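The next block holds one structure in the form of structure tokens; read it before the comments.
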Amino acid sequence: MFTKRILHIAQLSAVGLAGYYIGQRDKFSSNEDTVTIDGKSLKSMPGLPIFGTVSAATPYTDSGSAKDRVSQIMKYGFPSLDNVRSYDDFVLSYDRRNRVPNWVFEHITKEHVMKNDAVDRSKCDFTPDESIHPFFRSQNSDYKGSGFDRGHMAAAGNHRLAQKHVEQTFLLTNMAPQVGEGFNRHAWNRLEKHVRKLTKVYDNVYCCTGPLYLPRKDSDGKSYVKYQVIGANSVAVPTHFYKVVVGEATDGLLDMEAYVMPNQKIPDETPVSSYMVPPETIERAAGLLFFNNLQRSKLNRINGKKA
DNA sequence: TTTGATGT
């Protein structure tokens with residue numbers, strides 16, 4: 001088991017493995033850009049960026065507005081600011097070149113993952129996102145016959161408060177091509193279940209999910225990033241996927257876990273913990289900063305170790 | 001159970 005873990009970490013070594021310390025990073029302020037958007041189009045067009053008026057420093061008030069929900073989901077900061085779209089229960093940044101998300105952010109509580117008879121996943125359809133320009137929009141036809149699943153980044157099972165919420169997770173903006181057998185339907189699914197279980201331990205769980213395109217050394221000894229593209233729109237097939245998760249306890253202390261899994265069949269017996277990596281490794285590989293507004297003094301553990 | 005694709 002231990003050797004396996006070393007192997008996974010070795011795969012990541014090309015992008016830098018500098019330890020668990022996530023402290024003194026540049027102060028990246030994701031809250032200073034302001035864009036004004038009228039409330040009407042915000043309601044009629046799910047997916048429109050409603051950013052700008054949102055600040056992670058804004059205290060959460062339970063007034064029920066979309067803006068407040070975004071500030072709650074994004075409490076600890078935006079990983080990046082490009083092509084941000086907000087939905088009723090998750091927020092994402094869309095990669096127009098690759099036709100998949102850069103990152104998807106969720107705020108999850110036990111109420112969000114509870115069984116709810118009013119919500120039926122089987123009624124959901126995978127739907128192209130009309131809020132994306134047609135040049136950059138992925139279609140169901142891109143995935144059809146590709147051999148890859150339309151894998152949720154924000155998992156459907158994390159959004160059971162309302163039928164509308166789970167339906168929005170089926171927008172293709174929230175999808176990336178994933179190996180089905182042995183990955184999306186198994187190892188990755190186990191990781192998603194693990195995140196849901198964290199809501200039993202923590203009052204609030206913040207989860208950021210996305211793709212990675214990691215370099216690999218070729219036979220000529222040089223490193224290259226190589227990934228398949230599928231369909232008429234050339235949707236990128238990521239080499240790996242990450243999850244960075246923060247659990248917020250009642251006392252305000254925070255625990256962080258970070259995972260990277262290769263987009264391939266993974267043996268059934270592999271524990272999810274063997275895919276833990278230092279968060280900084282993912283940040284360097286993805287070009288993102290996670291939980292940048294988080295107060296370091298409140299960070300208790302990272303990947304189970306005292307921070 | 002939850003994650004999906006595919007065929008009728």
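Small disclaimer: the values here were computed from a predicted structure and weren't measured. Each chain gets a letter, A, B and so on, in the order the sequences are listed, and its residues count up from 1.
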- Without swapping roles, check the side chain of Asn102(A) against the backbone of Gly287(A) for a donor-acceptor pair under 3.5 Å. no
- Item | Partner residues of Lys222(A) under the side chain to side chain contact (heavy atoms under 4.5 Å, CB included) criterion, sequence neighbours left out | Asp220(A), Tyr224(A)
- Applying salt bridge (Lys or Arg N to Asp or Glu O under 4.0 Å) to Asp95(A) and not counting sequence neighbours gives none
- Message: Ring-plane angle category for His112(A) and His159(A), please: parallel below 30°, perpendicular beyond 60°, tilted otherwise.
- Response: perpendicular
- Task: List, by chain and then residue number, the residues other than Val201(A) in its hydrophobic cluster (Ile/Leu/Val/Met/Phe/Trp/Tyr, side-chain heavy atoms under 4.5 Å); write none if there are no others.
- Result: Ile108(A), Val113(A), Val195(A), Leu198(A), Tyr202(A), Val205(A), Val245(A)
- Query: Mind checking what makes salt bridge (Lys or Arg N to Asp or Glu O under 4.0 Å) contact with Lys123(A), not counting sequence neighbours?
  - Reply: Asp120(A)
- side chain to side chain donor-acceptor pair (under 3.5 Å) contacts in which one or both residues fall within residues 172-182 of chain A, not counting sequence neighbours: Tyr87(A)-Thr173(A), Asp129(A)-Thr173(A)
- Task: Please state whether the rings of Tyr76(A) and Tyr206(A) are parallel, tilted or perpendicular, taking 30° and 60° as the class boundaries.
- Result: perpendicular
- Which class fits the ring pair Trp103(A) and Phe78(A): parallel under 30°, tilted 30 to 60°, perpendicular over 60°? perpendicular
- Query: Where along residues 102-115 of chain A does a heavy atom fall under 4.0 Å from DNA chain B?
  - Reply: none
- Check side-chain hydrogen bond (donor to acceptor under 3.5 Å, both in side chains) between Asn184(A) and all other residues, then give those that pass, not counting sequence neighbours. Asp149(A)
- Note on the structure: Here the residues of residues 197-204 of chain A within 4.0 Å heavy-atom distance, strictly under, of DNA chain B are none
- Kindly determine whether Thr239(A) and Asn263(A) satisfy side chain to side chain donor-acceptor pair (under 3.5 Å), including the steps that lead there. CA-CA 5 Å; Thr239(A) 64; Asn263(A) 190 12; over 6 Å; no
- Message: For the residue pair Arg96(A) / His133(A), report whether a side-chain donor-acceptor contact shorter than 3.5 Å exists.
- Response: no
- Task: Walking along DNA chain B from 5' to 3', note the first and the last nucleotide with an atom under 4.0 Å from a heavy atom of chain A, and give both.
- Result: dT1(B) to dT6(B)
- Query: For Arg137(A) and Asn233(A), what are the C-alpha separation, side-chain angles and deciding distance, and is it a side chain to side chain donor-acceptor pair (under 3.5 Å)?
  - Reply: CA-CA 8 Å; Arg137(A) 196 186 299 159; Asn233(A) 293 304; over 6 Å; no
- Message: Holding to salt bridge (Lys or Arg N to Asp or Glu O under 4.0 Å), I want the full list of residues that pass it with Asp255(A), two or more places apart in sequence or in another chain.
- Response: none
- Can you list, by residue number, the residues of residues 181-191 of chain A that have a non-hydrogen atom closer than 4.0 angstrom to DNA chain B? Asn184(A), Arg185(A), Asn189(A)
- Message: What I'd like to find out is whether the side chain of Pro238(A) reaches to under 4.5 Å of the side chain of Leu212(A), using heavy atoms alone.
- Response: no
- Task: Please list, by residue number, the residues of residues 149-157 of chain A whose heavy atoms come closer than 4.0 Å to an atom of DNA chain B; answer none if no residue qualifies.
- Result: Asp149(A), Arg150(A), Gly151(A), His152(A), Ala156(A), Gly157(A)
